[in-house]
Each structure stands twice: as structure tokens, then as C-alpha cells.
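Below is one structure, written out as C-alpha cells; the observations come after it.
All values reported here derive from a predicted model rather than from experimental measurement. Note that ligands are numbered from 1 as they come in the structure, with each ligand's atoms numbered from 1 the same way.
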Amino acid sequence: MSLIKVHDKQFTPYLSEASIQEKIKELAANINRDYAGKKPLFIAILNGSFMFASDLFKHLTIDAEICFIKLASYKGTKSSGQVITAIGLDTDIAGRDVIIVEDIIDTGKTLNEFLPQIHNQQPSSLKIAVLLHKPEATVMPVHIDYCCFAIPNKFVVGYGLDYDGLGRNLKEIYQLHEEKA
Ligand code: IMP
Ligand code: MG
């Protein structure tokens, strides 16, 4: 087992590059099927979803558009519970088939804050695509339409996800290593 260090913490390999890519291909195939003949607008939530959004988008064969917004709620390895819109939506979504792209649903607070803003702008449909979901950590449930992996309630880094700014560049996903006493 090859541990890696990010800041002061050690992480252990959890999801391989190949398994992530395989799941994303499957997810893209489902979207290609479900949106055949439509032209969905993807709204990817920065920073964490940039790699997932990019790889997912490459596997789309339908016409699709993408735009980005930036929301933040995390400090270190814990959610602060406060969601800040750092970059807002600059695209008209009224009457559009919208798909939100998020790296991970943890407590669910980020999407629960943000989704009403999207609903208010009256898209003709709204679905959620996530790379990871931590069901045990979710206190504000979100209806997830497309999900690559349900994972245990442990902090992860890599493939866009960070620990205090670092670790996003890893091609695999790593889990916080727990020291055995
Ligand atoms: P939520 O509002 O608690 O659902 O958290 C959502 C955001 O927190 C995600 O979009 C991530 O950016 C961040 N986050 C949640 N869990 C993790 C994790 O295990 N590692 C890194 N970032 C995380
Ligand atoms: Mg995020």
C-alpha cells in the first residue's frame, strides 16, 4: 500500500484512474441515451468538479453546452456549513434542460442552497450528476440522477478534490489514512 502525504495528512489509494474513467464513460452513455435529440446545458460547480466535468463532457455524443459557477463551503477536512457564491451564473437557463455537475455530495448543504436559485430561473428540466456521494454524511438529502460512486463517510482527495487547496492534480482518488492505535 503506497501512502501519499498532502499537507500534514496521509492518504491511501481508494479509486483507481481506470475505475473512475470506466464509471464516467457509463454515466456519459446514460446521458447520451436520456438526452438524445436534446441540447442540455451542463452547469459545473467549481472548483472540485473541473476534472469530472471535463472527462464527462469528452464522452458526450449529443449536442451539449457547458458553463461554470463557483460555490465554496469547505475549510480543511470539514464543511463550514456556509455556502458562498464566488462566481455566479452568467447564462440564461430558462426553458433549458439543465444538468448540474458536482464533484461530491457530502452533507448536501451546497446543493440545497443552490438548487432553489436554479429552479427560480425556470429550466424546463433539472438533473444532478455527481462523481461521488457520501450517503452516511448527507443531512440535507438531494435527489441524485447520475452518480459514479457511493462512498463511505471518509475524507477523500484527488481527481479535482482537494485538502486545503492541494491534491486536485492526482489522477486517482485517495482516502484519509486512519492510524491504528
Ligand atoms: P456538501 O455541501 O457538504 O454536500 O459539500 C459539498 C462540497 O464540499 C463538495 O462540492 C466538495 O467541494 C467539498 N467536499 C465534501 N466532501 C469532501 C471530501 O471528502 N474531500 C474534498 N472535498 C469535499
Ligand atoms: Mg464541490
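Between the side chains of Y159 and D103, no donor-acceptor pair is found at a separation under 3.5 Å. Side-chain atoms of D63 and Y35 form no donor-acceptor pair, as typed in the model, at a separation below 3.5 Å.
Note on ligand 1: K134 sits in its first shell, one or more heavy atoms being nearer than 4.0 Å. Residue contacts with ligand 1: L161 is included, with a non-hydrogen atom under 4.0 Å away. The closest approach between any non-hydrogen atom of L111 and ligand 1 is not below 4.0 Å.
Looking at S49, its side chain never comes within 3.5 Å of a backbone N or O of A44 through a donor-acceptor pair.
For ligand 1, one of its N or O atoms has an N or O atom of G108 under 3.5 Å away. Between F155 and ligand 1, no pair of N/O atoms sits closer than 3.5 Å.
For ligand 1, the atoms sitting less than 4.0 Å from at least one non-hydrogen atom of D162 are 21 (C), numbered in the order shown with element in parentheses. Shown in contact with T110 at under 4.0 Å from a heavy atom are these atoms of ligand 1, numbered in order with element: 1 (P), 2 (O), 5 (O), 6 (C).
Rounding to the nearest 0.5 Å gives a distance of 12.0 Å between CD of E22 and CG of L15.
Between V83 and N112 there is no side-chain heavy-atom pair separated by less than 4.5 Å.
Of all the listed residues (T107, V130, N47, I104), T107 holds the heavy atom that lies closest to atom 3 (O) of ligand 1.
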Check residues 87-97 and write down every donor-acceptor pair under 3.5 Å in which the side-chain atom is one partner and the other belongs to a residue at least two apart or another chain.
| unit_1 | atom_1 | unit_2 | atom_2 | d |
| --- | --- | --- | --- | --- |
| D92 | OD1 | A94 | N | 3.2 |
| R96 | NH2 | K39 | O | 3.0 |
| R96 | NH2 | E65 | OE2 | 3.4 |
| D97 | OD1 | S124 | OG | 3.3 |
| D97 | OD1 | S125 | OG | 2.6 |

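Residues F114 and I84 fall into different hydrophobic clusters, defined by Ile, Leu, Val, Met, Phe, Trp and Tyr side chains chained together at heavy-atom separations under 4.5 Å.
Residue contacts with ligand 1 for D103 involve side-chain atoms from C-beta outward but no N, CA, C or O (heavy atoms, distance under 4.0 Å).
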